[in-house]
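Notes to accompany the following structure.
Everything quoted here is computed from the prediction, not taken from an experiment. Quick note on labels: first sequence line is chain A, next is B, and so on, each numbered from 1.
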There are 2 protein chains.
Amino acid sequence: MNSISVLLVDDHTVVRSGLKALLGTQADIGVVGEAASGEEALEAAQQHAPDVILMDLAMGAGMDGIEAIKQLRQRTPKQAIIVFTTYDSDADIVRAVDAGAMGYLLKDAAPEEIFAAVRGAVQGKSVMSAPVASRLFQQLRNPDEILTPREAELLSLLTEGLSNRDLGKRLFISEATVKTHLAHIYAKLGVETRAAAIATAIRREGMR
Amino acid sequence: MNSISVLLVDDHTVVRSGLKALLGTQADIGVVGEAASGEEALEAAQQHAPDVILMDLAMGAGMDGIEAIKQLRQRTPKQAIIVFTTYDSDADIVRAVDAGAMGYLLKDAAPEEIFAAVRGAVQGKSVMSAPVASRLFQQLRNPDEILTPREAELLSLLTEGLSNRDLGKRLFISEATVKTHLAHIYAKLGVETRAAAIATAIRREGMR
DNA sequence: ATTGGTATCAGCCAAAAGGTGGAGGGACCA
DNA sequence: TGGTCCCTCCACCTTTTGGCTGATACCAAT
């Protein structure tokens, strides 16, 4: 009975069935459930009690991946969560690891890499795609540049072109607080205007 | 022998196997080949002579999806190409259709939608996801969205985070003129702030 | 010759953004 | 317990943007 049970969380049907097909080729790994949203993931995690949860961060509507990770960690801390996503945004990596992710794979990872991550996760090993790892490493080296979770969140919304007022509404904070966060973000990114911050953020990877 | 042969082009292994698994459930559809890049796609298209090519636009390295479509259309014009991608960037849609795509599906499309698109494509029908269709329609309605050379120049500098004053200096024009151009750009892009314009411009491709 | 598009410039005004400095509460850790 | 982040908020002030209205000039096509 040493089959590793896996729960897949992704809003794309094709990605789910792709992973299922891929993981199905491994005798020691079995997909026990699927979920298309953060909410569904919470339910499914309790129902199936999987060993590993493979989760996309970007979920169309409702709860986002980071929030889902946080809640999962609270409710069922024994389950290992591996982030499996397309983009390797700086902020996402930090936030995901912070929220309690065990691994971080990009969707173009080789099948072997995925298998290794799943097997490693149950043993408490943390596996990540090479580009992700290097980025995370870079961030740890100059901690001045790391945005706090809240700042990252703000920056991400910033790249959608929102005004300070809208940012405040979206995050349920005052415009004053938005300005404070922005000032910190500018300082950390080494820019002076929101325009430059957006340009930096989007080009600096990921954030598309 | 009325099975529709399909070639899958996507740099993500999981997406390919997902599509394969999904399409495999349909008796009248068969996957005859896979490719992970534009170059591979050209080869595979000649080798397998598929009826339909399902292709992701965003391919990691090498030739991008749009270029691949163009070349495929030249070499094997009988094959129907369906774009199957995650992001519904305005520019991508227009460029893909322009390059000769028969359909445009988003990756979160329902399986039925995908089947319908494949079947429709061999009959010369063009199928697209609802959000894509509406966006395309919008674009056709205002062809005014084309920026003049000067405006494009300005927009490009804008994405570097310059202020109006700096833009003026850089282009040897007054700040007033900069503002005029910007107003025109905003109108054409359908945004109200420079922040949104930058976000749109950078994501809208090319400008990275 | 008139029209249309592009590029250039002005002035005025309201709104938004950015800079400065300060402040309190909560979490975490030594 | 004290220090250190992080998040939250406020007031005041300057600079920057954006919206509006209008103008001149060049060029090309009708």
| said: Distance check needed: dA7(C) P versus His184(B) NE2, whole Å only. | reply: 10 Å
| said: Any N or O donor-acceptor pair under 3.5 Å from the base of dC7(D) to the side chain of Thr180(A)? | reply: no
| field | Separation of dC9(C) P from Phe172(B) CZ (nearest whole Å) | value | 12 Å
| field | Criterion side-chain contact (heavy atoms from CB on, under 4.5 Å) against Val118(B), the qualifying member of Ile4(B), Asp51(B), Leu105(B) | value | Ile4(B)
| message | Could you check whether atom CZ of Arg75(B) has more than 12 heavy atoms from other residues, nucleotides or ligands sitting under 6.0 Å from it? | response | yes
| remark: Shortest non-hydrogen pair, Leu162(A) vs Arg170(A), comes out as CD1-NH2, 3.7 Å
| task | Indicate whether any N or O donor in one side chain lies under 3.5 Å from an N or O acceptor in the other, for Ser3(A) and Asp28(A). | result | no
| query | What is the distance from CG of Leu167(A) to C1' of dC9(D), rounded to the nearest Å? | reply | 16 Å
| task | Kindly point out which of dC9(C), dA7(C), dC9(D) is positioned nearest to the side chain of Ser174(A)? | result | dC9(D)
| Note, Leu167(A) side chain near His181(A) side chain (heavy atom, < 4.5 Å) | no
| task | Could you tell me the separation between the CD atom of Glu151(A) and the P atom of dT8(D), rounded to a whole number of Å? | result | 10 Å
Hey, what are the protein-to-nucleotides 13-19 of chain C N/O distances that come in under 3.5 Å?
{"from": "dA16(C)", "atom 1": "OP2", "to": "Arg165(A)", "atom 2": "NH2", "distance (Å)": "2.8"}
{"from": "dA17(C)", "atom 1": "OP2", "to": "Asn164(A)", "atom 2": "N", "distance (Å)": "3.0"}
{"from": "dG18(C)", "atom 1": "OP1", "to": "Tyr186(A)", "atom 2": "OH", "distance (Å)": "3.3"}
{"from": "dG18(C)", "atom 1": "OP1", "to": "Arg194(A)", "atom 2": "N", "distance (Å)": "2.7"}
{"from": "dG18(C)", "atom 1": "OP2", "to": "Tyr186(A)", "atom 2": "OH", "distance (Å)": "2.8"}
{"from": "dG18(C)", "atom 1": "N7", "to": "Lys179(A)", "atom 2": "NZ", "distance (Å)": "3.0"}
{"from": "dG18(C)", "atom 1": "O6", "to": "Lys179(A)", "atom 2": "NZ", "distance (Å)": "2.5"}

| note | note: His181(B), atom NE2; dG5(C), atom C1'; distance rounded to Å ~ 13 Å
| query | To the side chain of Ile173(B), which of dC9(C), dT8(D), dC7(D) is closest? | reply | dC9(C)
| Polar contact flag, side-chain donor to acceptor under 3.5 angstrom, Thr177(A)-Thr180(A) | no
| message | Could you tell me if the side chain of Leu155(B) sits less than 4.5 Å from the side chain of Leu189(B), heavy atoms only? | response | yes
| Distance-minimising heavy-atom pair for Ala41(B) and Leu7(B) | O-CD2, 3.9 Å
| Separation of dT8(C) C1' from Lys169(B) NZ (nearest whole Å) | 19 Å
| What bend angle does the helix from dA1(C)-dT30(D) to dA30(C)-dT1(D) show across its length, from five-pair end axes and to the nearest 10 degrees? | 40°
| Hey, does Leu8(A) have a side-chain heavy atom less than 4.5 Å from the side chain of Leu23(A)? | yes
